[in-house]
Protein chains: 4
Amino acid sequence: MPASPNPLRRNESSRRAILDAALKLCAEVGYGRLTIEAIAARAGVSKKTIYRWWPSKGRVILEAVDDVATVVADYPDTGDLATDLHTQLTAVIDLLTPPDRSPVVGLIAEALHDADLAQQLRERLIRPRIAQFKERMRQAQLSGQVAADADLDLAVDLVYGPLYHRLVFHLGMPDARELESLVAYALRALGPTSSAR
Amino acid sequence: MPASPNPLRRNESSRRAILDAALKLCAEVGYGRLTIEAIAARAGVSKKTIYRWWPSKGRVILEAVDDVATVVADYPDTGDLATDLHTQLTAVIDLLTPPDRSPVVGLIAEALHDADLAQQLRERLIRPRIAQFKERMRQAQLSGQVAADADLDLAVDLVYGPLYHRLVFHLGMPDARELESLVAYALRALGPTSSAR
Amino acid sequence: MPASPNPLRRNESSRRAILDAALKLCAEVGYGRLTIEAIAARAGVSKKTIYRWWPSKGRVILEAVDDVATVVADYPDTGDLATDLHTQLTAVIDLLTPPDRSPVVGLIAEALHDADLAQQLRERLIRPRIAQFKERMRQAQLSGQVAADADLDLAVDLVYGPLYHRLVFHLGMPDARELESLVAYALRALGPTSSAR
Amino acid sequence: MPASPNPLRRNESSRRAILDAALKLCAEVGYGRLTIEAIAARAGVSKKTIYRWWPSKGRVILEAVDDVATVVADYPDTGDLATDLHTQLTAVIDLLTPPDRSPVVGLIAEALHDADLAQQLRERLIRPRIAQFKERMRQAQLSGQVAADADLDLAVDLVYGPLYHRLVFHLGMPDARELESLVAYALRALGPTSSAR
DNA sequence: GACTAACCGAGACGGTACGTCTGGTCTTTAC
DNA sequence: GTAAAGACCAGACGTACCGTCTCGGTTAGTC
């Protein structure tokens with residue numbers, strides 16, 4: 001989705017080499033020490049070619065992550081909401097671990113002082129996944145596992161928020177037991193009211 | 001609390017000038033564009049003097065924030081937990097707003113790829129506040145507003161997590177109404193079970 | 001006179017556009033800041049087309065200069081050698097002025113570290129003019145204005161050398177009076193010996 | 001003689017390393033292929049340090065040449081002008097040979113489209129040598145080897161011009177015999193008039 | 001008159017060097 | 001003897017051109 005030059009004439013093999021090199025280097029040296037010079041060298045590509053299509057290293061990594069993530073399956077739906085949330089939270093934890101090597105965490109850090117990158121990150125990576133989550137929650141409302149009047153926007157925060165709180169202060173990701181409890185708390189908060197029973 | 005040279009001979013007025021300059025510059029240009037060069041210039045101090053006492057700009061800002069935050073009052077306790085949580089959450093939101101000028105958000109971003117800074121941030125700024133929160137929650141357990149068997153570590157995540165989820169993806173901080181709902185959901189999750197009523 | 005492709009299919013209008021653009025740009029920005037990119041853009045031509053027919057910007061300019069210079073008249077011959085030398089030196093001075101915009105000076109500069117260009121410059125532009133000069137001098141020997149045993153190769157150096165000495169050190173081209181004196185000195189050096197009188 | 005920073009605090013060993021590296025690299029790869037990057041790398045110096053003290057590679061080479069040339073002896077004076085001119089011309093020829101490795105020729109080429117460099121080259125390297133030459137010529141006027149009314153400015157051109165004419169068109173430097181003839185011609189031009197005999 | 005070779009404009013590509021910038025260290029000077 | 005001032009090494013930044021290389025499209029000369 002670059003801006004300036006003619007996308008039709010773009011060399012797809014260069015694009016792939018760049019995205020692959022970016023992810024590999026990020027895993028090797030961490031997002032903070034990642035440089036465009038190194039990406040170009042590793043990909044066997046001119047720096048100009050990177051700057052032609054992306055405005056910053058953040059956008060390169062974003063596209064790289066987006067590329068490998070597009071094949072991600074739909075939100076799990078086994079019928080049991082607690083199980084599905086647990087599954088999905090585990091997947092997110094994997095994406096965020098280890099923090100100093102995860103490209104996603106790198107993007108999060110950079111987005112904190114790059115409004116443009118933040119917007120792209122939100123719209124291209126996060127919004128679609130939030131939409132999937134809310135769709136799953138709507139199913140749960142239909143099946144009565146979640147209160148019909150639950151605010152699904154806040155539900156996102158309740159379910160995923162704990163991960164990010166722990167991430168930003170390096171408090172350690174929840175283990176299986178904690179995850180189970182977190183899901184249970186969230187469902188208790190969002191479940192049908194006692195009076196409805 | 002520095003490492004190498006003799007702290008007794010330290011020039012306190014330089015220290016203050018540096019911390020003040022750091023916070024002011026952070027507010028002016030944002031944490032991302034903040035440089036040690038600029039801090040030194042603004043503070044009328046040699047770069048060497050900064051590097052002598054701090055290992056990185058993150059640690060300078062951390063100490064600056066810590067300095068102004070030590071005078072922060074205890075966790076509020078009006079007797080009504082929901083009110084107190086709301087008050088406290090509002091205070092935290094203020095610290096994190098606006099994200100591109102807040103020194104705390106800058107620290108969070110840097111800590112994401114600086115384990116040492118992350119540890120300092122956690123131990124010096126966060127842990128004490130978590131302890132205060134848990135203390136307040138224990139009071140609430142005594143008064144029956146919170147279930148006696150509630151896991152207070154997870155309670156932190158449930159209450160504060162939503163803020164950080166929204167922060168990292170630039171989803172916008174909750175407004176008053178959302179905050180109220182979030183507190184209500186959290187208390188419903190943590191409150192005494194219906195069967196206990 | 002290019003090397004590789006088929007000269008018969010060459011597009012003459014492209015050739016002209018390139019040579020014209022090259023000379024114009026050289027006059028505008030100077031030889032040093034002249035680039036093949038700019039020539040191509042100005043001529044509305046692909047860079048490939050330039051590289052197909054010329055190996056370097058020097059050769060483009062050389063051909064451009066050669067093109068406009070082929071119509072140059074023969075060496076002047078009024079019968080008075082001093083007058084003719086003066087006329088011809090003035091013409092050369094015009095070619096070399098102003099140094100930073102003259103394509104010929106640009107070629108000279110580049111030829112100083114490009115042996116191939118130097119050879120082309122010498123054989124295509126200079127040798128014919130040296131030959132004309134020597135022809136004129138031979139006339140002068142016949143009429144007794146120049147010693148019969150004068151070394152005409154050195155005569156070239158004596159007559160034209162001063163211009164290049166002044167050129168390379170930016171000492172300013174000789175004015176009319178100086179030119180007259182230079183011609184007089186040269187003729188005195190080369191003229192019939194006093195004893196021959 | 002740099003402009004901006006404080007020359008008193010300059011690191012002399014860096015300066016020497018840079019000038020040495022520049023001359024060596026120039027001899028190795030030629031002036032045209034000489035780069036500031038390579039000089040910095042060879043000298044074990046930051047590029048910034050070069051740019052701090054010199055505005056261009058030309059000025060670096062100029063200072064390097066000037067440095068090694070300051071120890072050059074005075075103009076030779078054996079009493080016989082022809083001998084002295086021959087000696088001195090031979091020394092100049094050595095400086096200009098081989099053209100593609102000689103730093104002086106590189107400077108001449110660059111000066112042709114860099115007015116600032118040209119001025120420095122003229123004032124720092126050439127003018128003093130011209131002054132020495134004219135001083136020697138004044139001696140020759142006193143001893144009657146040169147006409148008292150000879151124009152010494154033009155004498156410079158007559159004596160040295162031939163070298164530069166041959167240099168710029170790669171016509172080959174004069175050999176010993178040609179040199180002798182050139183000196184003879186020049187002295188004939190400048191010598192006392194026949195009428196004065 | 002259609003075929004076909006190759007020249008053409010356009011411009012993306014791998015490279016090299018540019019000149020600038022910031023980070024963190026080391027040296028010099030003045031108080 | 002401390003600390004300001006700031007020069008230093010290191011190396012990434014983003015840019016400019018280089019010379020090479022595909023692309024379609026046109027444009028000649030051949031059959």
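Labels below follow one simple rule: chain letters A, B, ... track the order of the sequence lines, proteins then strands, and each chain is numbered from 1.
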* Mapping V45(D) and S56(C) to their closest nucleotides on DNA chain F, which lands nearer the 5' end? -> V45(D)
* To do: To the nearest Å, give me how far apart NZ (K48(C)) and P (dA12(E)) are.
  => 16 Å
* Asked: Whole Å only: how far is the CG atom of L8(D) from the C1' atom of dA5(F)?
  -> 13 Å
* Distance-only donor-acceptor test (3.5 Å): side chain S46(B), base dA5(F) -> yes
* Structure fact -> Between CD of E12(A) and C1' of dC23(F) the distance, given in whole Å, is 17 Å
* **Presence of W54(D) side-chain N/O under 4.0 Å of dG19(E) phosphate oxygens OP1/OP2** => no
* Asked: Whole-Å distance between dC18(F) P and E110(C) CD?
  -> 11 Å
* Bend angle of the helix from dG1(E)-dC31(F) to dC31(E)-dG1(F), from helix axes over five pairs at each end, nearest 10° -> 20°
* To do: Could you tell me whether a side-chain N or O of R101(B) sits under 3.5 Å from a main-chain N or O of A27(B), the two making a donor and an acceptor?
  => yes
* Structure fact -> Picking from dT25(E), dA12(F), dC18(F), the nucleotide nearest the side-chain atoms of Y51(C) would be dC18(F)
* **Heavy-atom pair with the smallest gap, counting every atom of Y31(B) and K57(B)** => O-NZ, 2.8 Å
* To do: Assess whether one donor atom and one acceptor atom, taken from the side chain of K47(D) and the base of dG19(E), lie less than 3.5 Å apart.
  => yes
* Check ion pair R15(D)-D67(D) (N to O, under 4.0 angstrom) -> yes
* Let me know, please, whether E37(C) or E37(D) comes out on the 5' side of the other along DNA chain E by nearest nucleotide. => E37(C)
* **Residue among K48(B), K47(B), R42(B) satisfying salt bridge (charged side-chain N to carboxylate O under 4.0 Å, His left out) with E37(B)** => K47(B)
* Side chains of V60(B) and I50(B): does their closest heavy-atom pair fall under 4.5 Å? -> yes
* Of I36(B) and N11(A), whose nearest nucleotide on DNA chain E comes first from the 5' end? -> N11(A)
* Asked: Using 4.0 Å as the upper bound for N to carboxylate O, is an ion pair formed by R33(C) and E28(C)?
  -> no
* Asked: Quick one: is dG14(E) close enough that its OP1 or OP2 comes under 4.0 Å of any side-chain N or O from S14(A)?
  -> yes
* Within this structure, what is the CG-to-P distance between L34(C) and dA16(F), rounded to whole angstrom? -> 17 Å
* Could a donor-acceptor pair under 3.5 angstrom be found where the side chain of R9(A) meets the base of dA10(E)? -> yes
* To do: Using a cut-off of strictly less than 4.0 Å, decide whether T49(B) has a side-chain nitrogen or oxygen near OP1 or OP2 of dA3(F).
  => no
* Look at D20(A) together with K24(A) and state whether they make a salt bridge at an N to O cut-off of under 4.0 Å. => no
